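Per chain, numbering begins at 1; letters A, B, ... match sequence-line order. Just so you know, these numbers come straight off a predicted model, no measurement behind them.
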Protein chains: 2
Amino acid sequence: MFDSINIESSVPVYEQIENLVQFAIASGRVKAGDQLPTMMGLAERLHLNMNTITKSYHDLQLMGIVDAQRGVGVFIAKGVEAKCRKACREQITVRLKEVAGEAKAAGFSRDEIRTALSEAYASEAGPYASAPDSLLALLKQKKYGKRS
Amino acid sequence: MFDSINIESSVPVYEQIENLVQFAIASGRVKAGDQLPTMMGLAERLHLNMNTITKSYHDLQLMGIVDAQRGVGVFIAKGVEAKCRKACREQITVRLKEVAGEAKAAGFSRDEIRTALSEAYASEAGPYASAPDSLLALLKQKKYGKRS
């Protein structure tokens with residue numbers, strides 16, 4: 001579930017974790033009662049700061065997506081599938097609008113975007129694997145240097 | 001050029017400004033020698049902090065996209081169209097990959113995504129007008145309340 005987490009994405013890591021849990025519920029890959037990895041285990045496996053994981057798990061609990069049982073573990077709550085699907089649909093629609101708007105503003109045709117989307121959908125990489133996406137990040141990678 | 005700036009977007013405002021300038025160059029809507037709004041004027045018009053605008057203009061200058069002429073103004077640099085188009089194409093492709101990956105992870109079909117994208121492209125709103133896109137932001141709007 002968490003393999004595509006990427007600290008270089010423009011989506012903050014805590015939000016990637018929250019999203020990935022909800023995508024997994026929305027798609028039926030995890031179900032009510034399934035246990036999330038321990039925070040410590042996840043921090044070690046992904047080389048992330050404990051505070052990041054704590055924030056994600058806390059947010060998920062606030063949203064009612066997971067139940068934390070002290071000393072036992074953190075589990076997917078019952079009856080959240082439909083609202084996860086709805087929330088994911090809303091979120092993805094907003095993101096699509098944003099990127100479609102960017103592409104239009106940059107002068108791309110609809111066909112160009114459709115082709116790029118089909119290629120992207122066909123890729124096996126997870127959602128955040130292809131970051132960074134900011135032009136400044138590209139600059140830092142020196143793909144986009146200062147004009148001479 | 002800056003009308004779709006939205007402080008609720010997950011894309012930071014300074015980055016929205018940088019992107020919008022580059023999209024306008026990539027699409028040919030602004031050309032070498034065109035003057036950007038004064039920083040003070042833009043801050044007032046968009047109700048933004050001066051530091052935000054200063055950062056954007058400074059980054060654009062670092063990227064070689066604009067030239068600042070002290071006491072005169074900030075102007076689009078010469079010969080940056082091709083590299084803006086290239087950088088925008090890269091950026092948009094990465095963003096499309098990200099959202100396509102999210103949609104796949106959440107169990108959406110390719111046709112569902114294509115339909116959403118077509119609707120989004122047909123919309124007249126600018127790129128950042130439809131924020132917020134985070135699930136936590138939806139929670140804060142109480143669309144997505146705590147489970148009872």
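- Of the listed residues A/L96, A/L20, A/L60, the one with more heavy-atom pairs under 4.5 angstrom with chain B than any other is A/L96.
- Within residues 25-38 of chain A, the residues that have a heavy atom under 4.5 Å from a heavy atom of chain B are A/A26, A/S27, A/R29, listed by number.
- Under the 4.5 Å side-chain heavy-atom criterion for grouping Ile, Leu, Val, Met, Phe, Trp and Tyr, A/I5 is connected to A/M1 within one hydrophobic cluster.
- Here the shortest heavy-atom pairing between A/E102 and B/P127 reads N-CB, 3.5 Å.
- Linking ILVMFWY side-chain heavy atoms closer than 4.5 Å, directly or via other members, places B/F75 and B/Y57 in two distinct hydrophobic clusters.
- Salt bridge status for A/K97 with B/E119: absent, with no side-chain N to carboxylate O gap under 4.0 Å.
- Contact between A/I92 and B/V99 at its shortest, heavy atoms only, is O-CG2, 4.0 Å.
- For a heavy-atom cut-off of 4.5 Å, chain B lies close to A/K104, A/A105, A/A106, A/G107, A/F108, A/S109, A/R110, A/E112 in residues 104-112 of chain A.
- Residue contact with chain B, scored on non-hydrogen atoms closer than 4.5 Å, is absent for A/S4.
- Across all non-hydrogen atoms, the minimal contact from A/R114 to B/S118 is NH1-OG, 3.5 Å.
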